[in-house]
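Values below: every heavy atom of this structure, side chains too, minus hydrogens, waters and symmetry copies. Residue numbers start from 1 in every chain, and the chains themselves are labelled A, B, ... in the order their sequence lines are given, proteins ahead of strands. Computed from a predicted model, the values in this text were never measured in an experiment.
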2 protein chains.
Amino acid sequence: MNRQEQKARTRRTLIDVTLQLSAARGFSSLSIREIAKEAKITPNAFYRHFRDLDELALVLVDEVGVGLRQLMRETRRRYEMQKEAARASVEAFMSYVTENVNLFRLLLGERQGSSTEFRRALHNEIDRFVGELTEDLERQGFGEAALAAEAMVAAVFTIGAEALDLPKHRRQELTDRLTKVLQIILRGAKKSSSH
Amino acid sequence: MNRQEQKARTRRTLIDVTLQLSAARGFSSLSIREIAKEAKITPNAFYRHFRDLDELALVLVDEVGVGLRQLMRETRRRYEMQKEAARASVEAFMSYVTENVNLFRLLLGERQGSSTEFRRALHNEIDRFVGELTEDLERQGFGEAALAAEAMVAAVFTIGAEALDLPKHRRQELTDRLTKVLQIILRGAKKSSSH
DNA sequence: TGTACATCAGTGAACGCGCGTTCACTGATGTAC
DNA sequence: TGTACATCAGTGAACGCGCGTTCACTGATGTAC
């Protein structure tokens, strides 16, 4: 393994370890020393990879964003009728949440808390998410697509946040509830377009 | 002023100072020493009022909860037709947010972050809020009241959170958007009840 | 009303700890000849 | 291929700092007689 590969490996370890730790106690309670220790390097070596914790945080936010948008693109293919659209996208979202609990804890846990730069990055990701959903809804002929998308994303993130604290077997219930909530919103938006 | 009054006064100062500080940088970044300093007592004297920061946090959560429920009761009186209901309650909510920005930053900023006990207290407040709204909606004959209430609270809190970062003059725009979002949800819920 | 004692909110010094960040360094990997 | 030098990821010791929490205390307020 050459130097470059080794460095990339350590960097990856830092990122992964940070996700694990932030899942348990929230990102903003973490320290460079703690992360370095968990990644089995000296605190000092952290600086070879990131200028500070904020820079690492931005990388993490970017990972959630990329993952989310990719998920949406895949789900989009399954969209057909209104009811199925809601169920398919909710199920995709919930499985993404389940498989990336740590990323989500980061995304949801730090919307206030931390530095301005970090918060702005989070809001950007969420806005992008709303934007893509808006386009989807417009393509399907929904009225007030932007507002409906905003309501849907609010519901998805708020109810998705609850899923993080639940044992796996109770998440199905949440998925069903979220699906119904999205159907209500879609119904409210659809009606307006048919005037 | 007797001893009891003086103690109550200091306690109140601790609470107020904590709200101010947490508005700027988030509650979970605060320390006992910092709060004590701002309240002009020694760090040590803090312990005459609260066992630790968590205990203070619970008092704050309770304050938001009481305020919110009182607000709802007042707003409820203004409810009449669907459209007016949404606008009246949104405007009441937004003015409450504007007047209690610090409490809201606390409520919204610590839904993940902090200790289990604190998080549970926050979720309880939100659940109570959803519960009261559900009853309101049922009384007005909406279908799927519980789900609609959940969607509405998600929208209100998510969009309300954005208001905190906005200058006052741009909040009207947000109020309008939130009103429209709630109308979409109400429309979606109403339709289902009229079957 | 005056005195003697009890209470207790707040003081001030001290503790050990983990923090971010610095410094000079080491030694394996990479490169030029 | 072999040697001499450069690079640089990671080391280890050290710094000053703010933290939570302890301790023995002070002195104004409150109470009993």
Basic-acidic side-chain contact under 4.0 Å: [X], [Y]:
X: A:Arg12; Y: A:Glu63; value: yes
X: B:Arg170; Y: B:Glu173; value: yes
X: B:Glu135; Y: B:Arg139; value: yes

In whole angstrom, what separates [X]'s [atom1] from [N]'s [atom2]?
X: A:Arg48; N: C:dT26; atom1: CZ; atom2: P; answer: 15 Å
X: A:Phe50; N: D:dA9; atom1: CZ; atom2: P; answer: 13 Å
X: B:Met1; N: C:dA9; atom1: CE; atom2: C1'; answer: 14 Å
X: B:Glu5; N: C:dG10; atom1: CD; atom2: P; answer: 13 Å
X: B:Asp54; N: D:dG20; atom1: CG; atom2: C1'; answer: 14 Å
X: A:Gln4; N: C:dT31; atom1: CD; atom2: C1'; answer: 15 Å
X: B:Tyr47; N: C:dG10; atom1: OH; atom2: P; answer: 15 Å
X: A:Gln6; N: C:dT29; atom1: CD; atom2: P; answer: 10 Å

Applying the Watson-Crick and G-U wobble criteria at under 3.5 Å, what pairs with [N]? Answer none if nothing qualifies.
N: D:dA32; answer: C:dT3
N: C:dT26; answer: D:dA9
N: D:dC15; answer: C:dG20

Classify the side chain of A:Arg3 and the base of C:dG30 as holding, or not holding, a donor-acceptor pair under 3.5 Å. no
Please determine whether any donor N or O and acceptor N or O are separated by less than 3.5 Å between the side chain of A:Arg33 and the base of C:dG18.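 Side chain to base: no pair present.
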Within a strict 4.5 Å, meaning less than it, do heavy atoms of the A:Val64 and A:Glu125 side chains meet?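 Sidechains of A:Glu125 and A:Val64: no contact.
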Side-chain heavy atoms of A:Phe50 within contact of A:Arg11, under 4.5 Å: yes
Which nucleotide in [options] has an atom nearest any side-chain atom of [X]:
X: B:Pro43; options: C:dG20, D:dG10, D:dT21; answer: D:dT21
X: A:Thr42; options: D:dT22, C:dT21, D:dT11; answer: D:dT11
X: B:Lys7; options: D:dG20, C:dG10, C:dA9; answer: C:dA9

Judged by each residue's nearest nucleotide on DNA chain C, which is more toward the 5′ side, A:Asn2 or A:Arg51?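 Comparing both residues, the 5'-ward one is A:Arg51.
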Is the shortest side-chain N/O distance from B:Ser31 to OP1 or OP2 of D:dC19 below 4.0 Å? yes
Examine C:dA9: is either OP1 or OP2 under 4.0 Å from a nitrogen or oxygen in the side chain of B:Thr10? Give yes or no. no
Using heavy-atom distances to pick each residue's nearest nucleotide on DNA chain D, tell me which of A:Lys40 and B:Asp52 is more 5'.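 On the 5' side of the pair lies A:Lys40.
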